[in-house]
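First the structure, in the form of structure tokens, and then the observations on it.
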2 protein chains.
Amino acid sequence: MNTPTFRDWQSVQNEVLRRIHAREWKPGDLIPNETDLALEFGCARTTVNRALRALADNGLLDRKRKAGTRVASQPVAKATLDIAVIRTEVEERGQKYGYQLIGRVEAVPPVAIGASMRIEAGDQLLHIRALHLADDAPYALEDRWINTNVVRDALAEDFHGISANEWLLKTTPYTHGEIAFLAKAATIDEGAVLGCPPQSALLVIDRLTWDNAQSVTKVRLVFSPGHQLRTIL
Amino acid sequence: MNTPTFRDWQSVQNEVLRRIHAREWKPGDLIPNETDLALEFGCARTTVNRALRALADNGLLDRKRKAGTRVASQPVAKATLDIAVIRTEVEERGQKYGYQLIGRVEAVPPVAIGASMRIEAGDQLLHIRALHLADDAPYALEDRWINTNVVRDALAEDFHGISANEWLLKTTPYTHGEIAFLAKAATIDEGAVLGCPPQSALLVIDRLTWDNAQSVTKVRLVFSPGHQLRTIL
DNA sequence: AATGACATTATGTGCATACATAATAACATG
DNA sequence: CATGTTATTATGTATGCACATAATGTCATT
């Protein structure tokens with residue numbers, strides 16, 4: 001029997017994957033250290049390191065200095081959802097994108113919004129409501145508060161020709177954000193705008209983005225009934 | 001003015017991130033090549049490569065051979081959701097986990113299920129229904145079909161002491177899967193089990209996992225009203 | 001002008017080496 | 001026996017070098 005060699009990190013990764021899937025290395029098992037694997041595979045330790053690191057990034061391996069590398073006992077599946085500009089999202093589905101501004105006002109936000117955005121009490125934010133359409137049918141309702149202390153240019157934009165969604169992504173940097181997915185019954189108003197009965201179950205995405213310590217914008221996207229977010233594992 | 005040096009790949013990454021956030025390098029811009037950056041940062045090209053590769057993995061940079069590296073024009077936010085074992089999920093919320101098997105039968109699945117799992121018509125699958133509890137309150141309803149042609153051992157397991165969710169992750173390898181998030185109105189039955197009115201808006205996760213060309217299991221998790229999936233960007 | 005050969009360039013990767021760092025085990029000391 | 005110190009070990013990473021590979025540009029030939 002000839003032992004095949006695994007020269008590049010991808011084939012090392014594949015071989016490790018094979019052993020995990022074949023249960024030669026079971027969840028929780030400690031696998032040989034990098035030096036030994038490098039010897040076995042006939043490559044440099046660097047190459048093994050690259051392969052194992054990639055697998056650890058994907059959650060399949062747990063690595064700790066000195067403790068060694070073990071197969072993740074709980075292979076936490078990481079579902080990566082791409083949150084793109086809505087226009088792009090619609091167009092990639094092969095549908096015609098449409099956009100309608102519903103409202104644009106400066107106002108003092110509800111306390112819950114103000115608090116989560118860490119705004120001074122009484123400060124005004126820019127409140128935008130808009131409807132995104134796919135093939136002329138309602139796709140998603142956008143309800144957004146923009147921190148005009150941070151995004152000054154927003155006051156000069158009327159958001160008629162471009163959605164706040166797209167305008168912000170194009171013009172405004174942010175450092176990090178929080179996102180939440182939930183289900184919500186349609187209010188009467190939402191039902192009217194989205195063209196569905198009140199109480200319909202709707203998928204909602206809440207997002208809050210920050211530029212360092214300052215909140216940039218908080219947005220709620222309410223999708224039309226039946227909308228799904230899909231991805232592969 | 002002294003030009004600081006960036007010795008390790010993390011600080012190189014941070015500096016690149018800073019420039020992107022500060023819009024010194026704007027979306028779509030071509031950034032200097034690795035050799036030049038290495039020179040500027042006072043480190044090896046390998047180190048720059050490591051930093052840029054990591055950023056490209058996160059979708060912030062687009063890299064092509066010869067063409068160079070540019071800031072992603074569509075900073076597609078990638079929301080990574082960790083889909084863990086439900087017991088772990090509950091326990092990490094600091095709540096007491098509970099589990100209740102509702103039903104376990106072998107049956108021919110509805111055509112939609114059979115088709116999506118690519119099962120021979122008429123083949124039986126193992127159908128499991130169970131309720132997961134957090135602090136004795138309903139947390140999520142699991143409705144699962146297991147391909148017993150692939151997961152033979154499942155027939156010997158009664159799923160009284162351990163949920164199919166956890167048992168499968170522990171015992172059954174899979175190569176890939178599909179996952180979908182959606183909102184759904186509670187059926188009368190779901191309302192009864194979850195202790196909420198019918199028509200309540202519920203968050204649902206559908207998952208289908210494969211071991212190479214064979215389907216392993218298809219599961220629908222219906223969460224109690226108000227449940228949110230959260231993550232950071 | 002179209003075609004194909006070839007050079008150029010930026011990223012991609014492998015390797016040997018060195019040292020850093022975290023976690024653990026072994027040991028010594030009170 | 002408890003506790004703090006030290007040695008050991010496996011992973012983490014920086015570096016210089018070499019070569020691979022993909023994409024592009026250049027140039028000669030027809």
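- Separating the CG atom of Asp57(B) from the C1' atom of dG12(C) is a distance of 13 Å, rounded to the nearest angstrom.
- Evaluated for a salt bridge (Lys or Arg N to Asp or Glu O under 4.0 Å) with Glu34(A), the options Arg63(A), Arg50(A), Arg53(A) yield exactly one hit, Arg63(A).
- Gln10(A) has no side-chain polar atom (N or O) that falls below the 4.0 Å cut-off from OP1 or OP2 of dG12(C).
- Judged by closest nucleotide on DNA chain C, Ala44(A) is the one of Ala44(A) and Lys66(A) placed further toward the 5' end.
- Counting heavy atoms of neighbouring residues, nucleotides and ligands inside a 6.0 Å radius, atom CZ of Arg18(B) exceeds 12 of them.
- In terms of polar N and O atoms assigned as donor or acceptor, the side chain of Arg50(A) never comes within less than 3.5 Å of the base of dG12(C) in a complementary pairing.
- Look at CD1 on Ile31(B): it is 12 Å from C1' on dT11(C), rounded to the nearest Å.
- Contact annotation: side chain of Arg45(A) to base of dT13(D), donor-acceptor pair present below 3.5 Å.
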Residue pair Glu89(A), Arg93(A): steps toward the salt bridge (Lys or Arg N to Asp or Glu O under 4.0 Å) verdict:
CA-CA 7 Å; Glu89(A) 202 174 293; Arg93(A) 293 155 67 109; 5.7 Å; no
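- One can place CG of Leu39(A) at 16 Å from C1' of dA10(D), the figure rounded to the nearest angstrom.
- When the C1' atom of dT13(C) is taken as reference, atom CG of Asn49(B) falls 8 Å away, rounded to whole Å.
- With dG14(C), dA23(C), dG16(D) as the choices, the nucleotide that has an atom nearest any side-chain atom of Lys64(A) turns out to be dA23(C).
- Rounded to whole Å, atom P of dT9(D) lies 12 Å from atom CG of Asp36(A).
- Taking side-chain N and O atoms only, Arg63(A) has a distance below 4.0 Å to OP1 or OP2 of dG12(D).
- In this entry the distance linking CZ of Arg70(B) with P of dA10(C) reads 13 Å, nearest Å.
- Minimum atom distance to the side chain of Arg65(B) is reached by dA10(C), of the listed dT8(D), dA10(C), dT11(D).
- Of all nucleotides listed (dA14(D), dG16(D), dA10(D)), dA14(D) comes nearest to the side chain of Thr47(B).
- Side-chain N/O atoms of Ser11(A) and Asp8(A) include a donor and acceptor closer than 3.5 Å.
- Counting to the nearest Å, the C1' atom of dA14(D) and the CZ atom of Phe41(B) are 16 Å from each other.
- In this structure, Asp8(A) places its CG atom 15 Å from P of dG12(C), rounding to the nearest Å.
- The Arg53(A) side chain lies nearest to dT13(D) when the options are dT13(D), dT11(C), dC15(C).
- For Asn33(A), whose side chain is taken as the heavy atoms from C-beta onward, the closest listed nucleotide among dT13(C), dA10(D), dG12(C) is dA10(D).
- Base engagement by Thr46(A) is indicated by at least one non-hydrogen atom pair under 4.0 Å involving a base atom.
- Residues Thr217(B) and Arg144(B) bring a donor and an acceptor atom of their side chains to less than 3.5 Å of each other.
- At a threshold of 4.0 angstrom between heavy atoms, the contacts of Thr69(A) are confined to the sugar-phosphate backbone, with no base atom among them.
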